[in-house]
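Everything on this sheet refers to the single structure shown next.
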Amino acid sequence: MSENNMEVKARKTIQHIHPYTPGKPIWELQNELGLTRVIKLASNENPLGPSPKALEAIHCSLADIHRYPDASTSNLRQAMASKLDMKPEQFIVTNGGDELITLACEAFLEPGDEMIVLTPSFSEYEFGAHLMGATIVAVPLGEQFAFDMDAIIEAVTERTKILCICSPNNPTGTYLSKSVLHHLLDVLPKHLLVLFDAAYSQYATAEDYTDGLEFVRAEYPILVLQTFSKIFGLAGLRVGYGAAPEVIIRQLLKVKEPFNVNALAQAAATAALHDDEHLRLSLQANTQGREQLYRAFEKLRLPFIESMSNFVLVELGLNAKAIYEQLLHKGIIVRYGGTWNLPSHARVSVGSESENAAFIQELTEILHRISIR
Ligand SMILES: Cc1ncc(COP(=O)(O)O)c(C=O)c1O
């Protein structure tokens, strides 16, 4: 039966929703092509794996999984509050950062409200807006994917309810400076919530970068998204959080399911938060790996965007899609730019030294074959 013939009608607004396309999983490519070696550089995961302290915490919690998890995630919120010098009431813990986006949309968007998204960026903001029947207002990033403050301000109307800013931005790796965010928060109407997605903040080293938390402490209408999926290496457990002034968190809690974050995820995230050594090593590996990719792209004369994150957007030209597909056949998964309407680009996650080296070698050979054709 086709959707059109179905008599039980789904809500009109969800017709606009296109299911999220994740980075191709390793097992899928292995099944499709019978490959033994598959390297995934497509979902910005931590190539060092999870924090050993998180693994230990999971082992210690296993015998209790017949119990429901703590619905209010008290330990984790307390740990975040002490670490970040904030109050536990300024946090909400979610089933990955993705859930925070949905909760923010459910709590704040009425049908017909507008949500500003900057393009290209993370697609889940649009999912949340469509879910609620809100209108998406897309504002393109500027030259070299820099943030265009004037264009953002110009796009704001009386109906704008949420402005999504991803910094460092996925997939470009560019960021919004602290002074520009401060200015935006000062001039934007106070009925507007800034959803500041700082999923990759721990990788950002620029002096004028902000993870947005100082503006939460100063009580601006800002909701900072954080995740344990990236530098903390816990993507498979699904845990993230939002930080915002208490009055905003209280609205989000109204739409949250009681047991949204499982017990193992809570224990692991609390332990990972305290694993400074894992964090340090992950950051160091990323800085070195990113350099490794930069040097290779320079040698191959491929333009790329300098990144404040754990991925690099590289321009592969007219053959980008074919190159992406040939990499897949060699067991290397990157993310093709078509997802973001960037058909000449690919986004490459920073892997371990050997993963990056394998990618560079295969890419070099593919480009060589194309050039002699
Ligand atoms: C910019 C950005 N925000 C949020 C997320 C959500 O992360 P998670 O749901 O794994 O916490 C991702 C994941 O890739 C992301 O790239």
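First listed ligand is number 1; within each ligand, the first listed atom is number 1. These figures come from a predicted structure and were not determined experimentally.
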* So which protein heavy atom does atom 16 (O) of ligand 1 come closest to, and at what separation? -> Y200 OH, 2.7 Å

* At what distance is the nearest protein heavy atom to atom 2 (C) of ligand 1, and which residue and atom is it? -> D197 OD2, 3.3 Å

* With heavy atoms of C166 as the reference, note each atom of ligand 1 found under 4.0 Å away. => 1 (C)

* Asked: More than 12 non-hydrogen atoms from neighbouring residues, nucleotides or ligands closer than 6.0 Å to NZ on K190, yes or no?
  -> yes

* **Exceeds 12 heavy-atom contacts within 6.0 angstrom, atom NZ of K9** => yes

* Asked: Under 4.0 Å from any heavy atom of S229, which atoms of ligand 1 are there?
  -> 8 (P), 10 (O), 11 (O)

* List every atom of ligand 1 that sits less than 4.0 Å from any heavy atom of T227, numbering the atoms from 1 in the order shown and giving each element. => 7 (O), 8 (P), 10 (O), 11 (O)

* To do: Verify the ring-centre separation between F196 and F215: is it less than 6.0 angstrom?
  => no

* **A199 touching ligand 1 at heavy-atom level, < 4.0 angstrom** => yes

* Just wondering, more than 12 heavy atoms not from E325 lying within 6.0 Å of its CD? -> yes

* Give the atoms of ligand 1, by number and element, whose distance to some non-hydrogen atom of R238 is under 4.0 Å. => 8 (P), 9 (O), 10 (O)

* Pairwise distance OG(S349) to CG(N286) - rounded to 0.5 angstrom -> 9.5 Å

* Structure fact -> for atom 12 (C) of ligand 1, nearest protein heavy atom and its distance come out as F122 CZ, 3.4 Å

* Can you check side chain to side chain contact (heavy atoms under 4.5 Å, CB included) on T205 and M308, steps first, answer last? -> CA-CA 7 Å; T205 47; M308 272 293 137; 3.9 Å; yes

* **Face-on cation placement of R77 at F91 ring, 6.0 Å and 45° thresholds** => no

* Structure fact -> For G97, the ligand 1 atoms with a heavy-atom partner under 4.0 Å come out as 8 (P), 9 (O), 11 (O)

* To do: Name the orientation class of the two ring planes belonging to F359 and F297 (parallel below 30°, tilted from 30 to 60°, perpendicular beyond 60°).
  => perpendicular

* Structure fact -> Residue, atom and distance of the protein heavy atom nearest atom 6 (C) of ligand 1 read D98 OD1, 3.3 Å

* Does the N or O separation between N95 and ligand 1 drop below 3.5 Å for any pair? -> no

* Asked: Of the backbone atoms (N, CA, C, O) and the side-chain heavy atoms from C-beta on, which set of K230 has a member under 4.0 Å from an atom of ligand 1: side chain, backbone, both, or neither?
  -> side chain

